[in-house]
*Asks:* 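My questions will all concern the structure given below.
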Number of protein chains: 2
Amino acid sequence: MVDLNQNSEKHTVRAVERALDILLCFTEASELGLAQITKKVSLHKSTVFRLLQTLEQKGFIIKNSETEKYRLGYRILELSNHLSGINDPAILFLPEMQRLRNEVDETISLYVRDGLDRIRIQAIESEQPIRRVAPIGARMPLYVGAASKVLVTFENPIERSSIMDKLEAQQMIDRVSFEEMINEIRSNGFATSFEERELGAASIAVPIFNKSKKLIAAISISGPVNRLTHEKMNNNIKELLEVASQLSNLIH
Amino acid sequence: MVDLNQNSEKHTVRAVERALDILLCFTEASELGLAQITKKVSLHKSTVFRLLQTLEQKGFIIKNSETEKYRLGYRILELSNHLSGINDPAILFLPEMQRLRNEVDETISLYVRDGLDRIRIQAIESEQPIRRVAPIGARMPLYVGAASKVLVTFENPIERSSIMDKLEAQQMIDRVSFEEMINEIRSNGFATSFEERELGAASIAVPIFNKSKKLIAAISISGPVNRLTHEKMNNNIKELLEVASQLSNLIH
DNA sequence: AACAACGTTTCATTAGGTGGAACGGAGAAA
DNA sequence: TTTCTCCGTTCCACCTAATGAAACGTTGTT
């Protein structure tokens, strides 16, 4: 069997890892039976059962008494309400994102990096009938899409090379061409993507730093390729860069 | 030491329980250091440290690299987006709740029971400057407030007596007077509260059942006592009961 | 300089998590 | 009807792996 675990240098608690994996099963399906979960996490039936009971007792999972299947519990809701700290970009940036959306009428998304993923922590969708939809909380890989490239490019050098090491190890990128691309993005100050992750979708993304020049997030404008043409993008880039520099002043 | 664990008949996994307790610390404060968490959960430093590393590796917790403290991670956000199943009252009931709020201009809340708590899974606040604020996801005890009483009263008999057993064991209620109260609520079909949980706050609550007459949720109108007088409430009750019976038809 | 507080690492001990096995029930197939 | 099969749940002996004491490195305070 292949070792899918990331280099397990750190000492972690296996039982907890397994329990969290079970929770994450529910990002794919909203209701699951014991057998289904067992298959997904490939653990023993009784192990999964015991972990489920623990999660249930703490309210992180509910057993639907009608279908006899498991669902996420309301403790998740409770916790998600406490995500937004006083210095949370997802809250602070909202008004400015709203303003920008109104101006360009395309979907505006805010991303942060989390390990080898990026996460959409805030979004305001375009009001046009054909638009980029943008579920908040969505997790995407860090090697495709404009925002991903920004989140790698403008990370500090040590972190950046560590990220690229891992992506290379997982054979997700070719190091040489990836670094070339990154250099171009750094000199431009923004990244674009045309139908890179999603057919028919295009986007521009720029970095947002905090006051001490540390990369915090990436903000993007995205929409259908036929509307977000190269020319239109060129107009938007200046606007987007201005917004980003204003947002940078909001955060410490 | 007193045994604070609920009658531990069920076999659960200690390490996971502890990890979840750590997560729940963040409902009280948004950023915590290791020492603070250690104190809150009263476990050994290194135990908490290891559990935190596990939570961090899975993205449920982030270490803020500036403050060196821990915060909730974006995996919580991701999971919370999958809470809403197709049959989720919090989504289905929203339009009708909105309509009711517009009509009475007081805060409308939707609660479900979770163990010995009730949880506000949906809310639309009044637009008046003085109003009942209603954070979604908030968790309250099951023995005070109109919605709590409804959620106990209209539960099926076996479940209801099990709830009361536990509340009694924790010395939260006096069984005799509680049952008296419940009987009255059952014959009325609704419950009220005046400054019971919160000074200056009043509310009316009624049950919502599914098509097979099983209790699903409680819906309430709440506001300041001086606005939500007994007379005003009497007007609202009929309205609220009608809404509840309509909502009952939406859910299986 | 001495001290205190905190985060992190190491390691021997044994608590407790694990998975095999077996049970009971509900459907489906024969 | 009986016989399978699949699923959730309970039980238990084994031995992994979680635990907490102790020690260390840092940072900030007296």
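Treat the numbers as computed from the prediction; the structure is a model and nothing was measured. Every chain is numbered from 1, with letters handed out A, B, ... down the list of sequences.
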*Asks:* Tell me whether the side-chain N/O atoms of B:His11 come closer than 4.0 Å to OP1 or OP2 in D:dT10.
*Replies:*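 Answer no for this pair, as no side-chain N or O of B:His11 is under 4.0 Å from OP1 or OP2.
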*Asks:* With a 4.5 Å limit on heavy-atom distance, are the side chains of A:Val152 and A:Arg113 in contact?
*Replies:* no
*Asks:* With no hydrogens and no angle check, is any side-chain donor or acceptor of A:Ser162 less than 3.5 Å from a backbone partner on A:Ile158?
*Replies:* no
*Asks:* Between B:Glu17 and B:Arg14, is the salt bridge (Lys or Arg N to Asp or Glu O under 4.0 Å) condition met? List the steps.
*Replies:* CA-CA 5 Å; B:Glu17 278 181 28; B:Arg14 193 182 56 168; over 6 Å; no
*Asks:* Whole angstroms only, please: what is the NE2-P distance between B:His44 and C:dA12?
*Replies:* 17 Å
*Asks:* Take atom CZ of A:Arg50 and atom P of D:dA17, then tell me their distance rounded to the nearest Å.
*Replies:*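 The distance from CZ of A:Arg50 to P of D:dA17 comes to 13 Å, rounded to the nearest Å.
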*Asks:* Does the B:Thr27 side chain pair with the main chain of A:His82, one donor and one acceptor, at a distance under 3.5 Å?
*Replies:* no
*Asks:* Send over the distance from B:Leu43 CG to C:dC6 P, rounded to a whole Å.
*Replies:*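 Atom-to-atom, B:Leu43 to C:dC6, this comes out as 17 Å.
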*Asks:* Starting the side chain at C-beta, find the nucleotide from C:dG17, C:dT9, C:dG7 nearest to B:Ala35.
*Replies:* C:dG7
*Asks:* Does B:Arg18 have a side-chain nitrogen or oxygen under 4.0 Å from the phosphate oxygens OP1 or OP2 of D:dG20?
*Replies:* yes
*Asks:* Just how far, in rounded Å, is C1' of C:dG27 from CD of A:Glu68?
*Replies:* 15 Å
*Asks:* Within this structure, what is the OH-to-C1' distance between B:Tyr70 and C:dG7, rounded to whole angstrom?
*Replies:* 7 Å
*Asks:* Which of these nucleotides, C:dT10, D:dT9, D:dG8, is closest to any side-chain atom of A:Phe49?
*Replies:*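 The answer is D:dT9, which lies nearest to the side chain.
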*Asks:* Nearest-Å distance, CD (B:Glu17) to C1' (C:dA15)?
*Replies:* 15 Å
*Asks:* Quick one: are B:Ile136 and A:Tyr74 in side-chain contact, heavy atoms under 4.5 Å?
*Replies:*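 In short, these two side chains do not touch, never coming nearer than 4.5 Å.
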*Asks:* Distance check needed: D:dA17 C1' versus A:Leu51 CG, whole Å only.
*Replies:*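 Distance check: A:Leu51 CG to D:dA17 C1' gives 14 Å.
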*Asks:* Is B:Thr47 close enough to D:dG20 that one of its side-chain N or O atoms is under 4.0 Å from OP1 or OP2 there?
*Replies:*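 It does, given that an N or O in the side chain of B:Thr47 lies less than 4.0 Å from OP1 or OP2 of D:dG20.
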*Asks:* Report the residue (A:Ala15 or A:Gln36) whose heavy-atom-nearest nucleotide on DNA chain D is the more 5′ of the two.
*Replies:*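 Looking at the nearest nucleotide for each, A:Gln36 comes out on the 5' side.
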*Asks:* At less than 3.5 Å, do the side-chain atoms of A:Lys45 and the base atoms of C:dG19 form a donor-acceptor pair?
*Replies:* no
*Asks:* Reading DNA chain D from 5' onward, which residue's closest nucleotide shows up sooner: A:Thr38 or A:Val13?
*Replies:*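 Nearest nucleotide further toward 5': that of A:Thr38.
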*Asks:* What is the distance, to the nearest angstrom, from the CD1 atom on B:Ile37 to the C1' atom on C:dC6?
*Replies:*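 One finds 13 Å between C1' of C:dC6 and CD1 of B:Ile37, rounded.
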